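Just so it is clear, the model here is predicted, and its values are computed rather than measured.
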Amino acid sequence: MVKTALDNFRRPPCAELLGWRLLDARPKDGWIKLGFEGKPEFCNPAGFIQGGMLSAMLDDTMGPAVVVMSEGRLYCTTINMTVNFLNPARPGPIVAEATVTQLGKTIAFVEAKLMAEDGTVLATATASERLLEAARVVR
(Lines give C-alpha, C1' and ligand atoms only; values in the text may rest on other atoms or scores of the structure.)
Protein backbone atom coordinates (compact mmCIF):
# COMPACT_ATOMS: atom_id res chain seq x y z
CA MET A 1 0.00 0.00 0.00
CA VAL A 2 1.14 3.53 -0.72
CA LYS A 3 2.49 5.52 2.23
CA THR A 4 0.91 8.93 2.79
CA ALA A 5 0.75 11.62 5.44
CA LEU A 6 -2.44 9.94 6.65
CA ASP A 7 -0.26 7.25 8.22
CA ASN A 8 0.67 9.86 10.86
CA PHE A 9 -2.91 10.77 11.79
CA ARG A 10 -5.22 8.93 14.17
CA ARG A 11 -8.33 7.76 12.33
CA PRO A 12 -11.40 9.48 13.83
CA PRO A 13 -14.41 7.49 15.08
CA CYS A 14 -16.58 8.69 12.17
CA ALA A 15 -14.11 7.18 9.69
CA GLU A 16 -14.20 3.90 11.62
CA LEU A 17 -18.01 3.94 11.53
CA LEU A 18 -17.98 4.41 7.74
CA GLY A 19 -15.43 1.61 7.21
CA TRP A 20 -12.86 4.09 5.83
CA ARG A 21 -9.76 2.53 4.26
CA LEU A 22 -7.07 3.94 1.99
CA LEU A 23 -6.89 2.13 -1.36
CA ASP A 24 -4.54 4.36 -3.36
CA ALA A 25 -3.16 7.88 -3.54
CA ARG A 26 -1.11 10.18 -5.74
CA PRO A 27 -0.11 12.95 -3.32
CA LYS A 28 1.51 15.19 -5.92
CA ASP A 29 -1.73 15.13 -7.94
CA GLY A 30 -3.94 15.70 -4.88
CA TRP A 31 -5.77 12.46 -5.69
CA ILE A 32 -6.95 9.81 -3.27
CA LYS A 33 -8.99 6.60 -3.54
CA LEU A 34 -10.78 5.20 -0.52
CA GLY A 35 -13.04 2.31 0.32
CA PHE A 36 -16.10 2.52 2.56
CA GLU A 37 -18.55 -0.07 3.80
CA GLY A 38 -22.18 0.71 3.04
CA LYS A 39 -23.69 -0.98 6.09
CA PRO A 40 -27.33 -2.09 6.30
CA GLU A 41 -27.62 0.16 9.37
CA PHE A 42 -27.09 3.14 7.04
CA CYS A 43 -30.22 2.37 5.00
CA ASN A 44 -33.48 4.28 4.74
CA PRO A 45 -36.87 2.48 4.72
CA ALA A 46 -36.51 1.79 0.96
CA GLY A 47 -33.33 -0.20 1.59
CA PHE A 48 -30.92 2.34 0.09
CA ILE A 49 -28.09 4.04 1.94
CA GLN A 50 -29.33 7.33 3.37
CA GLY A 51 -28.00 10.44 1.63
CA GLY A 52 -26.46 11.86 4.78
CA MET A 53 -24.25 8.80 5.10
CA LEU A 54 -23.16 9.13 1.47
CA SER A 55 -22.44 12.82 2.09
CA ALA A 56 -20.29 11.88 5.08
CA MET A 57 -18.32 9.47 2.88
CA LEU A 58 -17.74 12.20 0.29
CA ASP A 59 -16.70 14.68 2.98
CA ASP A 60 -14.37 12.10 4.53
CA THR A 61 -12.72 11.63 1.13
CA MET A 62 -12.21 15.27 0.16
CA GLY A 63 -10.59 16.33 3.44
CA PRO A 64 -7.97 13.55 3.36
CA ALA A 65 -7.14 14.46 -0.26
CA VAL A 66 -5.98 17.85 1.04
CA VAL A 67 -4.00 16.25 3.87
CA VAL A 68 -2.28 13.89 1.42
CA MET A 69 -1.49 16.63 -1.11
CA SER A 70 -0.02 18.91 1.57
CA GLU A 71 2.03 16.02 2.98
CA GLY A 72 0.27 16.41 6.32
CA ARG A 73 1.01 20.11 6.79
CA LEU A 74 -2.60 21.15 6.26
CA TYR A 75 -5.88 20.04 7.74
CA CYS A 76 -9.20 21.38 6.54
CA THR A 77 -12.74 22.09 7.58
CA THR A 78 -15.56 22.13 5.09
CA ILE A 79 -16.94 25.58 4.25
CA ASN A 80 -19.55 24.31 1.82
CA MET A 81 -20.29 21.09 -0.01
CA THR A 82 -22.66 20.44 -2.91
CA VAL A 83 -23.75 16.83 -3.37
CA ASN A 84 -25.51 15.31 -6.37
CA PHE A 85 -27.15 11.93 -5.79
CA LEU A 86 -27.14 10.11 -9.13
CA ASN A 87 -28.10 6.52 -8.32
CA PRO A 88 -29.44 4.69 -5.28
CA ALA A 89 -26.70 3.14 -3.16
CA ARG A 90 -27.22 -0.39 -1.89
CA PRO A 91 -25.40 -1.90 1.08
CA GLY A 92 -21.93 -3.20 0.27
CA PRO A 93 -18.52 -1.88 -0.71
CA ILE A 94 -18.34 1.71 -1.92
CA VAL A 95 -15.32 3.27 -3.59
CA ALA A 96 -14.59 7.00 -3.37
CA GLU A 97 -12.16 9.18 -5.28
CA ALA A 98 -11.30 12.81 -4.64
CA THR A 99 -9.07 15.33 -6.37
CA VAL A 100 -7.88 18.68 -5.07
CA THR A 101 -8.59 21.00 -7.99
CA GLN A 102 -6.96 24.05 -6.38
CA LEU A 103 -4.88 24.40 -3.23
CA GLY A 104 -4.62 28.05 -2.22
CA LYS A 105 -3.17 29.70 0.88
CA THR A 106 -6.36 29.61 2.95
CA ILE A 107 -8.92 27.75 0.81
CA ALA A 108 -8.87 24.50 -1.20
CA PHE A 109 -11.35 23.36 -3.82
CA VAL A 110 -12.00 19.64 -4.06
CA GLU A 111 -14.23 17.32 -6.06
CA ALA A 112 -15.19 13.71 -5.35
CA LYS A 113 -17.33 10.81 -6.49
CA LEU A 114 -18.71 7.65 -4.91
CA MET A 115 -19.05 4.46 -6.92
CA ALA A 116 -20.64 1.08 -6.36
CA GLU A 117 -18.47 -2.00 -6.71
CA ASP A 118 -19.54 -2.36 -10.37
CA GLY A 119 -18.40 1.21 -11.18
CA THR A 120 -21.86 2.83 -11.16
CA VAL A 121 -21.47 6.44 -10.00
CA LEU A 122 -23.68 6.92 -6.94
CA ALA A 123 -22.97 10.53 -6.02
CA THR A 124 -20.63 13.40 -6.79
CA ALA A 125 -19.61 16.40 -4.72
CA THR A 126 -17.63 19.60 -4.79
CA ALA A 127 -16.43 21.45 -1.73
CA SER A 128 -14.61 24.52 -0.53
CA GLU A 129 -12.29 23.74 2.39
CA ARG A 130 -10.77 26.16 4.88
CA LEU A 131 -7.09 25.31 5.36
CA LEU A 132 -5.56 25.06 8.83
CA GLU A 133 -2.04 24.17 9.89
CA ALA A 134 -2.29 20.53 10.99
CA ALA A 135 0.21 20.99 13.82
CA ARG A 136 -2.23 23.39 15.51
CA VAL A 137 -5.28 21.16 15.02
CA VAL A 138 -4.37 17.51 15.47
CA ARG A 139 -1.69 15.26 16.94
- prompt: Ile32 versus Thr4: any side-chain heavy-atom pair under 4.5 Å?
  reply: no

query: Would you call Glu133 and Arg73 a side-chain contact if the rule is heavy atoms closer than 4.5 Å?
result: no

- request: Dump the intermediate steps for side chain to side chain contact (heavy atoms under 4.5 Å, CB included) on Leu34 and Val95, then the final yes or no.
  value: CA-CA 6 Å; Leu34 303 175; Val95 175; over 6 Å; no

message: A quick test of your reading: do over 12 heavy atoms of other residues, nucleotides or ligands sit less than 6.0 Å from CZ of Arg130?
response: no

task: Would you mind reporting whether Met81 and Ser55 have side-chain heavy atoms less than 4.5 Å apart?
output: yes

- line: Heavy-atom closest pair (Cys43 atom, Pro91 atom, distance to 0.1 Å) is SG-CG, 3.4 Å

message: Check whether Gln50 reaches the backbone of Gly52 with its side chain - one donor and one acceptor, N or O, closer than 3.5 Å.
response: yes

query: Does some side-chain heavy atom of Arg90 sit less than 4.5 Å from a side-chain heavy atom of Phe48?
result: yes

- prompt: With no hydrogens and no angle check, is any side-chain donor or acceptor of Asn44 less than 3.5 Å from a backbone partner on Ala46?
  reply: yes

- prompt: In the hydrophobic cluster built from side-chain contacts under 4.5 Å, what are the other members alongside Phe109?
  reply: Ile79, Ile107

task: Report yes if some heavy atom in the side chain of Met57 is under 4.5 Å from a heavy atom in the side chain of Phe36; otherwise report no.
output: yes

query: Any idea which heavy atoms bring Ala65 and Ala98 closest together, and the distance?
result: CB-CB, 4.0 Å

query: Counting only N and O atoms by type, is there a donor-acceptor contact under 3.5 Å from the side chain of Asn80 to the main-chain atoms of Ser128?
result: yes

statement: Taken to the nearest 0.5 Å, the spacing of Thr101 OG1 from Met62 CE works out to 10.5 Å

- prompt: Which atoms form the tightest heavy-atom contact between Ile94 and Gly38, and what is the distance?
  reply: CD1-CA, 4.2 Å

- request: Answer whether the closest heavy-atom distance between the side chains of Met69 and Leu103 falls below 4.5 Å.
  value: yes

query: Measuring from Thr126:OG1 to Asn84:CG, what's the distance to the nearest 0.5 Å?
result: 7.5 Å

- request: Determine whether Leu131 and Thr77 make a side-chain contact, defined as any pair of heavy atoms from C-beta on separated by less than 4.5 Å.
  value: no

Show the atom names and distances, to 0.1 Å, of all donor-acceptor pairs under 3.5 Å that link a side chain in residues 111-124 to residues at least two apart or in another chain.
from, atom 1, to, atom 2, distance (Å)
Asp118, OD1, Thr120, N, 2.9
Asp118, OD1, Thr120, OG1, 2.8
Asp118, OD2, Thr120, OG1, 3.3

- prompt: When you measure from the side chain of Glu129 to the backbone N and O of Cys76, does any donor-acceptor pair fall under 3.5 Å?
  reply: no

Side chains of residues 13-23: which donor-acceptor pairs under 3.5 Å do they make with residues two or more places apart or in other chains?
from, atom 1, to, atom 2, distance (Å)
Trp20, NE1, Asp60, O, 3.1

message: Does Val66 form a side chain to side chain contact (heavy atoms under 4.5 Å, CB included) with Tyr75? I'd like the steps, not just the answer.
response: CA-CA 7 Å; Val66 172; Tyr75 185 78; over 6 Å; no

query: Side chains of Val68 and Leu6: closer than 4.5 Å at any heavy-atom pair?
result: yes

query: What's the shortest heavy-atom distance between Ile49 and Met53, and which atoms?
result: CG2-CB, 3.9 Å

From Asp59 atom CG to Thr61 atom OG1, the distance as rounded to the nearest 0.5 Å: 8.5 Å

